[in-house]
Amino acid sequence: MHVGHTRGAVFGDALAGLLEFAGYDVTREYYINDGGTQVDVLARSAYERYREAHGLEPEIVEGLYPGDYLIPVGEALKEKYGDSLIDQPESVWLEDLREFSTDMMMDSIRTDLAAIGVTMDVFFSEKSLYGTGKIEAALDNLDAKGLIYQGVLEPPKGKLPEDWEAREQTLFKSTEYGDDADRPVKKSDGGWTYFAPDIAYHFDKVERGFDELIDVLGADHGGYVKRMKAAVSALSDSKVPLDIKLCQLVKLYKNGEPFKMSKRAGNFVLLRDVVEQVGADVTRFIMLTRKNDAPLDFDFAKALEQSKDNPVFYVQYAHARVNSVLTKAGEAGLEVSDKALEKADMSLLNHPAELSLVQKLAEWPRLLEIAAKTHEPHRIAFYLYELASDFHALQHLGKIEPEMRFIQAANPAQSLARIALIRAVAVAIAAGLGILGVTPAKEMR
RNA sequence: GCACCCGUAGCUCAGCUGGAUAGAGUACCUGACUACGAAUCAGGGGGUCGCACGUUCGAAUCGUGCCGGGUGCACCA
């Protein structure tokens, strides 16, 4: 996986965590694109790398995947097949290589997901929809509702594709559900379009009884939203809502200098490189400090910095500080268990800095509700930063005004109230970071 | 041409189920460490919330139109 994919994975995982926290029963699914012609391309590309592993010059022609990530696949193929596939026709090896390559890609993806702390409940294979009657079943469902027909599409407005010609195709009447045009489910050669298995996948989800669906996609799939929503509405008789979250690109920087990622040459910055350098916590948090549909700048240098420039440390530091105070209070002979703190007299909190922290804390349930309802986990990240900020301000006040220190040796009741307050801060931070999948460190030395 | 997303401080962005003087980071300037962790904090300057209408007691937030930027646009995934 390259870092672009990561954002979707982190976003989806954090959203799932958020919904779980809000009381939903969530299933995280990964849809494996292991069907269709793209896998043929993958297999052919891997074959060239296999030849390369034998010292032959790979012929990575236009249309194949040029990325370096297939080099190990070629080597693994050499390991398994020796030279038995060299100069053999495609018919001999294509099927085997399809499976071999997708398996290896998926292993790699699973490893990457684990490295970033993402655990999927279900890996759903697109391939499993072909030849099993599932696509047919989904389309039959639509057909029974009168939403499938043979027809010819209007040419697209604006500039016409050069090889445009009117063709009769099998179409889904997605305009019935708000789409701009009806969409083909079969290609002119009789094969399924990519849209057909996608319909079948969503149908399968509906059949499995989910009452709410969320897709996380790259922003370049924006044009696909209406038709998919139309399909799910049709399949579920408008009973199952589908929300589609589009994640924008991640731009990598190092000290403000853009990091070149040539997609054509396949030179991606890999997720594992990023995680190795900055760690999963930082990677995740930074990915969530932007709205999902806004582009994200990811600066390595800042991600490595352990300062206010780096929001993760700022938040974690607040959490660590609270724990430090709790320890100090214990050493000072105060009983600071949660049970003891429940008895604290909170009316003793009346300094503006204390009250503003109380206020911020009071926003937490409401914020959770909005974040969950709008499917926007970034709100949690921003909130945690603000909460940490208010906390840091209050703690620092103790340096300027000693009577504002949390622990007042001469006044246990006051101390208890303040410690109850900051303990609440720690609880919220731990919960919030937990939702985002970031470790709430107790100390950061 | 059509659809979707975006346009808020010099820069990067929050805020948008309508509500009080529009927030943060960064940058720039000035300050605070014998004491709960200075990986921190305080203060200062800096904004016609793209533009214009409209709905409303009230609009950055909702609606319409326009301007500017991004993405996508038969049969490829």
Side-chain angles (χ1 to χ4, degrees), chain A residues 33 35-39 41-42 63 126 152-161 163-171 178-195 197-198 218-227 244 246 248-249 253 256 289-297 299 302 305-314 316-318 320-329 331-332 353 369-370 373-374 376 378-379 381-383 385-386 388-389 391-400 402 404-409 415 418-419 422 443-445:
Chain A
N33 287 119
T37 53
Q38 56 176 341
V39 185
V41 176
L42 177 69
E126 176 190 351
V152 179
L153 282 175
E154 294 284 310
K157 304 272 196 289
K159 50 182 173 186
L160 214 58
D163 56 346
W164 163 267
E165 54 182 275
R167 290 199 184 105
E168 189 173 272
Q169 297 172 298
T170 305
L171 300 168
D179 198 2
D180 310 304
D182 291 339
R183 306 293 173 178
V185 294
K186 267 190 182 177
K187 294 190 280 189
S188 48
D189 67 3
W192 302 115
T193 62
Y194 66 90
F195 187 38
D198 287 342
D220 53 342
H221 291 72
Y224 163 94
V225 171
K226 284 190 180 179
R227 77 192 62 171
I244 299 185
L246 301 175
Q248 265 291 356
L249 301 173
Y253 292 83
T289 52
R290 214 94 307 172
K291 229 171 4 189
N292 60 286
D293 54 5
L296 170 72
D297 294 337
D299 195 307
K302 280 191 179 171
E305 218 169 292
Q306 303 197 350
S307 74
K308 198 171 176 175
D309 285 346
N310 187 336
V312 198
F313 283 94
Y314 187 75
Q316 285 181 321
Y317 180 42
R321 270 181 141 182
V322 172
N323 282 288
S324 182
V325 173
L326 289 175
T327 307
K328 289 279 180 189
E331 287 166 11
E369 187 192 323
I370 293 176
K373 189 178 285 182
T374 56
E376 292 180 340
H378 76 276
R379 290 172 186 264
F382 278 92
Y383 173 81
Y385 189 90
E386 289 164 14
S389 175
F391 166 76
H392 283 310
L394 183 59
Q395 168 146 22
H396 193 82
L397 205 55
K399 292 211 177 291
I400 301 155
M404 286 309 296
R405 291 162 64 80
F406 299 131
I407 303 165
Q408 298 291 324
S415 305
R418 287 179 180 163
I419 290 167
I422 64 171
E443 59 175 25
M444 305 179 62
R445 288 180 194 280

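Lettering of chains follows the sequences in order, A, B, ..., and the numbering in each one begins at 1. Note: hydrogens, waters and symmetry copies are ignored here, and every other heavy atom, side chains too, is used.
When each of A74(B), C36(B), A24(B) is scored by its nearest atom to the side-chain atoms of Tyr385(A), the top-ranked nucleotide is A24(B). Of the candidate nucleotides A35(B), G15(B), U40(B), A35(B) has the atom lying nearest to any side-chain atom of Pro402(A). The side chain of Tyr194(A) lies closest to C75(B), out of C75(B), U40(B), A35(B). Of the listed nucleotides (C36(B), C76(B), U17(B)), C36(B) has the atom at the smallest distance from the side chain of Ile407(A). Considering only side-chain atoms of Lys226(A), the nucleotide from C4(B), G37(B), A77(B) that sits closest is C4(B).
Separation of the C1' atoms belonging to A22(B) and G46(B) is 14 Å when rounded to the nearest angstrom. If you take atom P in C16(B) and the same atom in C6(B), they sit 13 Å apart, rounded to whole Å. G69(B) and A27(B) have their C1' atoms separated by 25 Å, given to the nearest Å. Only the P atoms considered, C75(B) is 24 Å distant from G70(B), to the nearest whole Å. Across U17(B) and G31(B), the matching C1' atoms stand 43 Å from one another, rounded to whole Å. Between the C1' atoms of C11(B) and C66(B), the separation comes to 28 Å (whole Å). Rounded to the nearest Å, the gap between the P atom of C5(B) and that of U64(B) is 11 Å. G19(B) and G37(B) have their C1' atoms separated by 40 Å, with the value rounded to a whole Å.
Contact check, Lys186(A) against A74(B): no side-chain N or O comes under 4.0 Å of OP1 or OP2. Distances shorter than 4.0 Å separate some side-chain N or O of Lys399(A) from OP1 or OP2 on C36(B). Taking 4.0 angstrom as the limit, Tyr224(A) places none of its side-chain polar atoms (N or O) nearer than this to OP1 or OP2 of C76(B). Between Arg227(A) and C73(B) there is no side-chain polar atom (N or O) within less than 4.0 angstrom of OP1 or OP2. Within the 4.0 Å cut-off from OP1 or OP2 of G15(B), at least one side-chain nitrogen or oxygen of His378(A) is found. At least one side-chain nitrogen or oxygen of Thr37(A) sits closer than 4.0 Å to the OP1 or OP2 atom of A77(B). Contact annotation: Ser324(A) reaches the phosphate of G37(B) (side-chain N/O to OP1 or OP2, under 4.0 Å).
When atom types are taken as modelled, the side chain of Thr374(A) and the backbone of Ile370(A) share a donor-acceptor pair closer than 3.5 angstrom.
Between Val325(A) and Asp180(A), it is Asp180(A) whose nearest contact on RNA chain B lies nearer the 5' terminus. Of the two residues near RNA chain B, Tyr317(A) and Leu246(A), the one whose nearest nucleotide lies more 5' is Leu246(A).
The closest side-chain donor-acceptor pair between Asn33(A) and Glu126(A) falls under 3.5 angstrom. Side chains of Arg379(A) and Tyr383(A): no donor on one and acceptor on the other come within 3.5 Å.
When heavy atoms are screened at a 4.0 angstrom cut-off, Ile400(A) is found touching no nucleic acid atom at all. Using a 4.0 Å heavy-atom cutoff across all strands shown, Thr327(A) reaches no nucleic acid atom at all. Arg183(A) comes within 4.0 angstrom of nothing in the nucleic acid, heavy atoms only. Using a 4.0 Å heavy-atom cutoff across all strands shown, Gln395(A) reaches at least one base atom of the nucleic acid.
Between Arg405(A) atom CZ and C41(B) atom C1' the separation is 15 Å, expressed in whole Å.
Between Phe391(A) and Phe406(A), the ring-plane angle classifies as parallel under the 30° and 60° cut-offs.
Seen from the ring of Trp192(A), Lys187(A) does not count as a face-on cation partner, given the 6.0 Å and 45° thresholds.
Contact record, Asn292(A) with Leu246(A): ND2-O, 3.0 Å, taken as the closest heavy-atom pair.
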